[in-house]
Amino acid sequence: MNHIRYHSPIGLLTLVEENNALIAVSFDTEEPADIGQACETPVLKEASKQLDEYFSGSRTVFTLPLRMQGTEFQNSVWNALQTIPYGKTLTYGDIAKQIKRANAQRAVGNANNKNPIPIIVPCHRVIGASGNLVGYGGGLDKKQYLLDLEQSNRKSE
């Protein structure tokens, strides 16, 4: 397992790679578990490059090898998150319906909260049924920044 620190417009992130796949992105507000040695691997270098492109507005889709470790339900939610288009939002209910568990909004919220690879797996694109921002591991200010970034870049398309 290897990691690097990435300086982003929303603060310091820790990127973690294992066996040639990205396994975690942690905000500076979180204390990552065992993250191995500090070493820039090809996967971590590419993740940094793609994050630079995302934050500059030139990348709307990430193409990185990911390994998400969770339950079958969590993985179904995380896969659904990756289908939300750049600059768009869905509700927890929308995701629940998409994974054919229409009454599982709360469980979707819990799985969303446990997403180990935020930004790249865009859990920030999920909002409350009222249209309000709710919950984000890095804080609602970061969620708002990411949504604003994507919205402003969509307008310039």
Side-chain angles (χ1 to χ4, degrees), residues 1-92 94-95 98-99 108-127 133 135-157:
M1 197 172 330
N2 299 290
H3 74 275
I4 60 170
R5 306 288 185 187
Y6 174 81
H7 294 274
S8 81
I10 57 172
L12 189 63
L13 302 173
T14 302
L15 312 179
V16 184
E17 173 266 338
E18 184 177 56
N19 298 326
N20 299 314
L22 190 66
I23 62 167
V25 173
S26 300
F27 294 101
D28 62 343
T29 57
E30 304 168 356
E31 188 57 43
D34 176 29
I35 56 174
Q37 64 182 348
C39 177
E40 185 177 62
T41 66
V43 167
L44 293 173
K45 186 174 184 172
E46 182 62 23
S48 293
K49 175 181 169 274
Q50 290 190 26
L51 282 165
D52 285 344
E53 294 166 352
Y54 171 80
F55 284 113
S56 74
S58 64
R59 175 173 289 277
T60 60
V61 175
F62 291 95
T63 56
L64 294 163
L66 307 178
R67 193 173 79 245
M68 313 273 296
Q69 297 178 333
T71 66
E72 184 178 333
F73 180 81
Q74 287 171 329
N75 279 296
S76 70
V77 171
W78 299 335
N79 288 334
L81 296 177
Q82 293 177 75
T83 69
I84 304 172
Y86 181 88
K88 301 284 186 181
T89 57
L90 292 179
T91 66
Y92 295 99
D94 293 332
I95 297 293
Q98 185 176 336
I99 63 169
V108 166
N110 287 332
N112 204 46
N113 183 48
K114 300 222 180 332
N115 173 14
I117 308 177
I119 304 170
I120 293 165
V121 175
C123 53
H124 61 276
R125 296 180 188 152
V126 182
I127 59 173
L133 300 189
Y136 192 63
L140 290 181
D141 59 327
K142 290 177 175 63
K143 183 172 188 163
Q144 186 66 63
Y145 179 94
L146 296 169
L147 292 173
D148 290 347
L149 171 75
E150 293 182 9
Q151 209 50 36
S152 67
N153 288 328
R154 280 187 55 82
K155 288 177 184 159
S156 64
E157 287 179 346

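Heavy atoms only: backbone and side chains are in, while hydrogens, waters and symmetry mates are out.
Separation of atoms CD1 (I84) and CG (L90) is listed at 4.5 Å; rounding is to 0.5 Å. Atom OG of residue S56 and atom CG of residue L149 lie 8.5 Å apart, to the nearest 0.5 angstrom. To the nearest 0.5 Å, atom CE of residue M1 and atom OG1 of residue T41 are 12.5 Å apart. The CG atom of L66 sits 7.0 Å away from the CD1 atom of I120 when rounded to the nearest 0.5 Å. The CD1 atom of I10 lies 10.5 Å from the CG atom of L12; values are rounded to the nearest 0.5 Å. Atom CD of E40 sits about 11.0 Å away from atom CD of E17, to the nearest 0.5 Å.
Applying the salt bridge (Lys or Arg N to Asp or Glu O under 4.0 Å) definition to pairs two or more places apart or across chains, none involves residues 78-87.
Nearest approach of A80 to I99, heavy atoms of both residues: CB-CG2, 3.9 Å. L15 approaches A47 most closely through the heavy-atom pair CD1-CB, 4.1 Å. For the pair V77 and N112, the tightest heavy-atom approach, listed with the atom from each and the gap, is CG1-N, 4.3 Å. When all heavy atoms are compared, the tightest approach of Y54 to H124 is OH-NE2, 3.6 Å. A pairwise comparison of heavy atoms in P118 and F27 identifies CG-CE1, 3.7 Å as the closest pair. Counting all heavy atoms, side chain and backbone alike, L64 lies closest to V43 at CD2-O, 4.4 Å.
Relative orientation of the F55 and Y6 rings is parallel, given thresholds of 30° and 60° on the angle between their planes.
In terms of modelled atom types and a separation under 3.5 Å, the side chain of H3 and the main chain of C39 share no donor-acceptor contact. No donor-acceptor pair under 3.5 Å is formed between the side chain of D52 and the backbone N or O of K49.
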Show your reasoning for whether side-chain hydrogen bond (donor to acceptor under 3.5 Å, both in side chains) applies to S76 and N79. CA-CA 5 Å; S76 70; N79 288 334; over 6 Å; no
Determine, step by step, whether W78 and L81 satisfy the side-chain contact (heavy atoms from CB on, under 4.5 Å) criterion, reporting the C-alpha distance in whole Å, the side-chain angles of both residues, the deciding distance to 0.1 Å, and the verdict. CA-CA 5 Å; W78 299 335; L81 296 177; 4.0 Å; yes
Passes side-chain contact (heavy atoms from CB on, under 4.5 Å), F62 versus V121? Steps please. CA-CA 8 Å; F62 291 95; V121 175; over 6 Å; no
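Side chains of S48 and I4 form a contact here, defined as non-hydrogen atoms less than 4.5 Å apart. I119 places a side-chain heavy atom less than 4.5 Å from the side chain of L146.
When K88, K143, R59, R125 are each tested for a salt bridge (Lys or Arg N to Asp or Glu O under 4.0 Å) with E150, only one passes: R125.
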